[in-house]
Engineer: 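Structure incoming, see below.
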Amino acid sequence: SSTFSYQSIIFASAKDGWAFGLRELAKVLRPAFGNAPITAIERVLFDDVTVDDGKVKKLRTPCSSDAAFATLVLSPLFKLLDGDDVLSEPLLAGASTTAKKKE
C-alpha cells in the first residue's frame, strides 16, 4: 500500500536539463505566501487559491488562470522557456543572471 506525499511531486524538463520538487518550490515561494510554513504551502499550491500580499484567498472560479500555481509557477516557467526576462518573478528571485544553458 502506498501513501501520497507532496514530496513525490517533481517538475522536470529532460529537454532543458532541469528538475525540482514541490518542497524546493514551496521554499522558493515562501516569501510570496507571507513566510507560511512550507508544509502549508505544499497543501494549498494546487488549490483554487490566489495569493495577495502574502495572504491566501480562495478563488470563486475553479481552475482560474489567477490561481497561485498558474501565476507563481507556470507563467514564469513559460516566460523563461520563451526567453523572456523573468528575474523579477518570485519563482526566480535570486537566480543568476549569468547562468547559461548547457549545450
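Here, residue 1 is the first one in the sequence, and each next residue gets the next number.
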Engineer: Test: side-chain hydrogen bond (donor to acceptor under 3.5 Å, both in side chains). Region: residues 64-79. Which pairs qualify, not counting sequence neighbours?
Structural biologist: Lys79-Glu89

Engineer: Begin from the C-alpha positions of Val51 and Leu72 and carry the test side chain to side chain contact (heavy atoms under 4.5 Å, CB included) through to its verdict.
Structural biologist: CA-CA 9 Å; Val51 180; Leu72 295 174; 4.2 Å; yes

Engineer: Nearest 0.5 Å, please: how far is CG in Leu81 from CH2 in Trp18?
Structural biologist: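 Rounded to the nearest 0.5 Å, the CH2-CG separation comes out at 6.0 Å.
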
Engineer: Linking I/L/V/M/F/W/Y whenever their side-chain heavy atoms sit closer than 4.5 Å, directly or via other members, would Leu74 and Ile10 fall into one cluster?
Structural biologist: no

Engineer: Going by side-chain contact (heavy atoms from CB on, under 4.5 Å), name the residues that satisfy it together with Phe46, two or more places apart in sequence or in a different chain.
Structural biologist: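 If we apply the side-chain contact (heavy atoms from CB on, under 4.5 Å) test to Phe46, skipping adjacent residues, the hits are Ile9, Phe11, Leu22, Phe69.
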
Engineer: Go through the structure and list residues passing side-chain contact (heavy atoms from CB on, under 4.5 Å) with Ala36, not counting sequence neighbours.
Structural biologist: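 side-chain contact (heavy atoms from CB on, under 4.5 Å) list for Ala36, sorted by chain: Phe33, Ile41.
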
Engineer: Answer whether the closest heavy-atom distance between the side chains of Val49 and Leu59 falls below 4.5 Å.
Structural biologist: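 No. Closest side-chain heavy atoms not under 4.5 Å.
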
Engineer: Do any pairs count as a side-chain hydrogen bond (donor to acceptor under 3.5 Å, both in side chains) and have a residue in residues 28-43, sequence neighbours left out, and if so which ones?
Structural biologist: Arg23-Glu42

Engineer: According to side-chain hydrogen bond (donor to acceptor under 3.5 Å, both in side chains), does anything in residues 46-62 pair up with another residue at least two apart or in another chain? List the pairs.
Structural biologist: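 Of all non-adjacent pairs touching residues 46-62, those that pass side-chain hydrogen bond (donor to acceptor under 3.5 Å, both in side chains) are Asp52-Lys57.
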
Engineer: Linking I/L/V/M/F/W/Y whenever their side-chain heavy atoms sit closer than 4.5 Å, directly or via other members, would Val56 and Leu29 fall into one cluster?
Structural biologist: yes

